[in-house]
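The chains referred to below are lettered A, B, ... by the order of the sequence lines, with proteins before strands, and numbering in each begins at 1.
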Protein chains: 2
Amino acid sequence: MIKTKFSIILHIITLLALYKDEWLNSTLIAGSLNINPVLVRKELAILKSSGLIESKEGKNGGVKLLKDAKKIQLSEIFEIAKGSDHVLSSLKNVPNPNCRIGKQINKNLGIVLGEIDNAIIEKLSKQSLEEFKNQF
Amino acid sequence: MIKTKFSIILHIITLLALYKDEWLNSTLIAGSLNINPVLVRKELAILKSSGLIESKEGKNGGVKLLKDAKKIQLSEIFEIAKGSDHVLSSLKNVPNPNCRIGKQINKNLGIVLGEIDNAIIEKLSKQSLEEFKNQF
DNA sequence: ACAAATGTAATAAAAATAATTACAGTTAAG
DNA sequence: CTTAACTGTAATTATTTTTATTACATTTGT
């Protein structure tokens with residue numbers, strides 16, 4: 001899920017950064033992404049709980065960015081999309097505990113998967129939303 | 001698909017490194033992973049075409065590693081799992097071409113996604129299969 | 001000759017994602 | 001003070017992706 005979520009959230013937040021003084025509604029955002037508005041509202045709920053945006057209910061409502069795009073690094077957006085999962089997760093299947101490798105693989109793999117996450121965060125911490133949005 | 005593929009391939013290749021002088025068959029490998037042998041054989045086909053392993057058909061057949069584990073970095077395994085996709089690529093993602101952001105997002109996103117791939121590769125190029133396998 | 005493998009295609013089942021429907025609650029504006 | 005346009009969610013359905021299964025041709029060791 002991280003896969004699509006990062007793209008969706010970055011798209012949303014880029015829109016919000018470009019129209020930072022307007023309340024953008026979920027139907028408009030969904031139209032830009034070409035996905036269902038309910039899915040957008042679900043992602044907006046996550047962005048809201050992470051403090052990046054605020055929302056206004058009722059007529060002429062919508063959402064807007066709370067932070068300056070210069071102060072948001074892409075790593076922050078990535079971490080929201082990532083949640084508590086690893087980007088490359090291990091299998092749902094339980095490996096064979098009677099196997100020398102099977103019984104230890106998830107522990108050892110987990111370390112590598114964590115390093116992968118951190119490598120991404122480190123890289124994306126060097127690019128701000130401001131820089132990204134100015135490409136449009 | 002990259003998500004689970006990396007775990008599967010790394011597990012397989014760790015097994016092969018630990019038993020580098022034996023022909024391991026797909027049923028045995030599948031037993032360690034606790035997945036279907038046909039799926040293992042499909043991954044083995046990819047590993048074979050990438051030159052990391054060789055296979056032997058017929059009775060007492062199986063697969064074995066061709067390269068020394070000291071000369072295989074985890075980045076090589078990652079790149080095989082990755083194939084031509086980005087780690088974080090949205091599957092459908094056909095944004096609205098009539099939107100200022102929609103029509104450009106894939107190009108700009110593509111650059112970021114490529115940087116993510118490279119950050120992972122760079123990180124994993126520092127760890128060899130030998131080091132990984134010695135943890136077992 | 002037979003058993004145990006790989007290799008691969010086709011199909012079925014299961015799981016994960018996304019879309020849709022529905023509706024309660026909120027707010028702006030006439 | 002009523003209506004229209006929103007958010008916020010839950011529940012359900014549809015679609016897509018992933019994994020498992022079945023099947024079988026081919027290869028090879030004994």
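At the phosphate of C/dA18, neither OP1 nor OP2 sits under 4.0 Å from any side-chain N or O atom of A/N36. Contact between the side-chain N/O atoms of B/T4 and the OP1/OP2 oxygens of D/dT19 is found at a separation under 4.0 Å.
B/F136 has its side chain out of reach of A/K103: every pair of non-hydrogen atoms, C-beta onward, lies at least 4.5 Å apart.
Put simply, NZ on A/K42 is 13 Å from C1' on C/dA16, counting in whole angstrom units. Atom CD1 of B/I9 and atom P of D/dT19 are 12 Å apart (whole Å). A/K64 has its NZ atom 14 Å from the P atom of D/dT7, to the nearest Å. The interatomic distance linking A/L39 (CG) with C/dT21 (P) rounds to 16 Å, in whole Å. In this structure, B/N25 places its CG atom 16 Å from P of D/dT28, rounding to the nearest Å. Straight-line distance from the CD1 atom of B/I29 to the P atom of C/dG7: 11 Å, rounded to whole Å. The CG-P distance, from A/L24 to D/dC6, rounds to 11 Å in whole Å. We find that CH2 of A/W23 is positioned 11 Å from P of C/dT27, with the value rounded to whole Å.
Residue-level contact check: B/S26 touches the backbone only, with heavy atoms under 4.0 Å from sugar-phosphate atoms and none from bases. Among the atoms of the strands shown, none is found under 4.0 Å from any heavy atom of A/V63. Within 4.0 Å of A/L44, counting heavy atoms only, lies no atom of the nucleic acid at all.
For the residue pair A/V87 and A/I2, the shortest heavy atom distance occurs at CA-CD1, 3.8 Å. Nearest heavy atom pair, residue B/N34 against residue A/P95, reads CB-CA, 4.3 Å. Closest non-hydrogen pair, A/Y19 versus B/R100, comes out as OH-NH1, 3.6 Å. Taking both residues in full, the closest heavy atoms of A/S90 and A/L109 are given as CB-CD2, 3.8 Å, listed atom of the first, atom of the second, then distance.
Proximity of residues 45-60 of chain B to DNA chain D (heavy atom under 4.0 angstrom from any strand atom) is restricted to B/E57, B/G58, B/K59, B/N60. For the segment residues 77-103 of chain A, residues with any heavy atom less than 4.0 angstrom from an atom of DNA chain C are, sorted by number, A/K92.
Of the candidates C/dG7, D/dT19, D/dC6, C/dG7 carries the atom nearest the B/R41 side chain, counting heavy atoms from C-beta on. Taking every side-chain heavy atom of B/V38 into account, D/dT21 is the closest of D/dT7, D/dT21, D/dA20.
By the criterion of side-chain heavy atoms lying less than 4.5 angstrom apart, applied directly or through intervening Ile, Leu, Val, Met, Phe, Trp or Tyr residues, A/I53 is grouped together with A/L28 in one hydrophobic cluster. In terms of hydrophobic clustering, with Ile, Leu, Val, Met, Phe, Trp and Tyr side chains grouped at heavy-atom distances under 4.5 Å, A/I121 and B/I120 are assigned to a common cluster.
Considering A/I101, A/N93, A/L91 in turn, A/L91 is the only one that fulfils the side-chain contact (heavy atoms from CB on, under 4.5 Å) rule with B/L33.
In this view, A/S75 satisfies the side-chain hydrogen bond (donor to acceptor under 3.5 Å, both in side chains) rule with no residue, not counting sequence neighbours.
To the nearest 0.5 Å, the span separating NE2 on A/H11 from CD1 on A/I77 amounts to 12.5 Å.
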